[in-house]
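In what follows, a structure is listed as structure tokens, so that the remarks can point back to it.
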Amino acid sequence: MTENTIEELCHLYTDLSDSDIQIIVKIAVTLPLHAELTNKCMFIDCMVKSSKQAIVVAEAFHRTQEAVYIKSVVGEFVYETFEPGVHYSHSTGKKSFGHRAITQEGKIVEQSVVPIRNDNHEVIATLIMEEELATTFNKSNERNDISFGSKALGNLMAETIDDYPIVTDLLMEIFLVTDADQRLVYANPAGVRFINEMSQAVSIQNEKILTLLPFLADILDNQEEVYVSELTVLSKNIEVKKVKMHSKTNELKGILMIIQDLTELRTKERELMMKSVVIKEIHHRVKNNLQTVASLLRLQMRKIYPSENRIHFEETLNRIFSISSVYELILANETVNEDDVDLIELTRKISSSMILNGLYTNVGLVIETNGNKVITSSRKAVSISLIVNELVQNSLKHAFPEEVSGTIYIEFFSHKKFAELHIRDNGVGMSGTSYSLGLEIVHNLVVNDLEGEFMYKTVQNGTLATIKFPLSQEVMIHHEKTDSNC
Ligand SMILES: Nc1ncnc2c1ncn2[C@@H]1O[C@H](COP(=O)(O)OP(=O)(O)OP(=O)(O)O)[C@@H](O)[C@H]1O
Ligand SMILES: [Mg+2]
């Protein structure tokens, strides 16, 4: 394994940036140490662009034991069905321990997987520590084969096959087993039904599998020990998993194929996709309708005299703009869950446009994320957009009279169980404690919608609003930093 290999593979197969690749290269250098220290095999996998597969970009084996991997697996693909832990960590960003997996050599191992993140907290790769299951079963190393229990199962099947259905008979998936000559030696009932549907052959037992199911040719030609592929045959979407079976002396004994009919699943996926298109269209309409209301108000505003009264219309316009910003962000959302809103982006959009539209050239804006990325549902985002709107509006309206210059600071903090948003200005501070409509709206939204706490007070230099609200399925923080004062 060289730096070049990692870089070449990442450039060829992934969407990772040069700086992401450098992070992986740095970690890869330490892999042999980890392997020696833990007596386990170490790997780094990256997701392949526009695909559900991962690819191995780095590896290190320990020297003290016979390695599970006979040959290098760098550059080999990793399928979700065989290594679920790797895919789980890639997609959720969480660690996973003790997941069973089948290696590219067809061996059973146990994997511990941790995500590797870049400076933006995005998962760019996974670090995998792997242990052969046979050694996990039996630390004394008396047996070094991993066919644990297979003999017992074989005896059991042979004895009971005539009287009772074996496990595979009960499964919906199609199980086919061939001998080394690719002749069909076993098919479960689902397999027999499938072959009858796909082939005109009168007898199927011991027939060449390619005579029965010629569309499997590419999969059988593939040299990989384990291989997964999706095909469309006679308007059916099927997924074929192939595993080569070997004897202890590594002689090819046959091939196991597990075939799953994904037609219904794919149809459902298409339906869901259609639904999400419809939801997007609804969001579009909500956004457009809000903008129409704002235009009507703006037209009406021009006719208001004296012009000081226009300020009330302006405030309402800002409130409408804040809500429509939520929908604009949802619509711009291509990659993540459609209902997710990036709260920091939303806050930045609302507060900066309020300063620009109101021509407050005397006021600066500082947003400090503290390394947090806060994602909320659109429902919570609408409430937070109104809260930010009212508080920033207050600072602009009350904190800097007679165009005194000043700054509004917006800061995000994360704690174990809740998020905290501070909106502070270095203005004149509040003279009284009475709430009018604006602060009443904020208080109600924080307490009722966010189920949180709201504090508004004059501080040494200006006014500070603190909003604390619990983390939940609808409010999530992705971060690496946690505040010490939690
Ligand atoms: N950042 C601030 N700096 C100084 N005074 C403030 C600040 N925020 C609020 N205040 C004071 O608190 C009062 C109440 O604020 P509140 O937002 O409830 O009402 P408002 O801004 O006057 O009107 P609206 O209902 O349109 O928001 C304000 O009138 C103002 O005197
Ligand atoms: Mg106000």
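Order of listing sets the numbers, starting from 1, for every ligand and every atom in it.
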Query - Atoms in ligand 1 with a heavy atom of Gly429 nearer than 4.0 Å - result: 4 (C), 5 (N)
Requested in this report: Could you tell me whether any N, O or S atom belonging to Asn394 is less than 2.8 Å from the Mg ion (ligand 2)?
Outcome: yes
Query - Nitrogen or oxygen of Glu440 less than 3.5 angstrom from that of ligand 1 - result: no
Report task. Provide the number and element of each atom of ligand 1 under 4.0 Å from a heavy atom of Thr463. Result -> 1 (N), 2 (C), 3 (N)
Query raised in the report: Can an N or O of His398 be found at a distance shorter than 3.5 Å from an N or O of ligand 1?
Result: yes
Query raised in the report: For Lys373 and Glu122, what are the C-alpha separation, side-chain angles and deciding distance, and is it a salt bridge (charged side-chain N to carboxylate O under 4.0 Å, His left out)?
Result: CA-CA 10 Å; Lys373 188 177 171 96; Glu122 292 154 343; 5.9 Å; no
Report task. For ligand 1, find out whether one of its N or O atoms is nearer than 3.5 Å to an N or O atom of Val428. Result -> no
Query raised in the report: What atoms in ligand 1 come closer than 4.0 Å to a heavy atom of Lys397?
Result: 20 (P), 21 (O), 23 (O), 24 (P), 26 (O)
Query raised in the report: In ligand 1, which numbered atoms sit nearer than 4.0 Å to a non-hydrogen atom of Ser395?
Result: 1 (N)
**Report entry** Approximate separation, where rounding is to 0.5 Å, of Ile387 CD1 and Leu445 CG
**Finding:** 5.0 Å
Query raised in the report: Yes or no on side-chain contact (heavy atoms from CB on, under 4.5 Å) for Leu386 and Arg319, after CA distance, side-chain angles and deciding distance?
Result: CA-CA 6 Å; Leu386 285 170; Arg319 285 172 188 142; 4.0 Å; yes
Query raised in the report: Would you say the side chains of Glu59 and Ser72 form a donor-acceptor pair under 3.5 Å?
Result: yes
Query raised in the report: What do you reckon, does Ser436 have a nitrogen or oxygen under 3.5 Å from a nitrogen or oxygen of ligand 1?
Result: yes
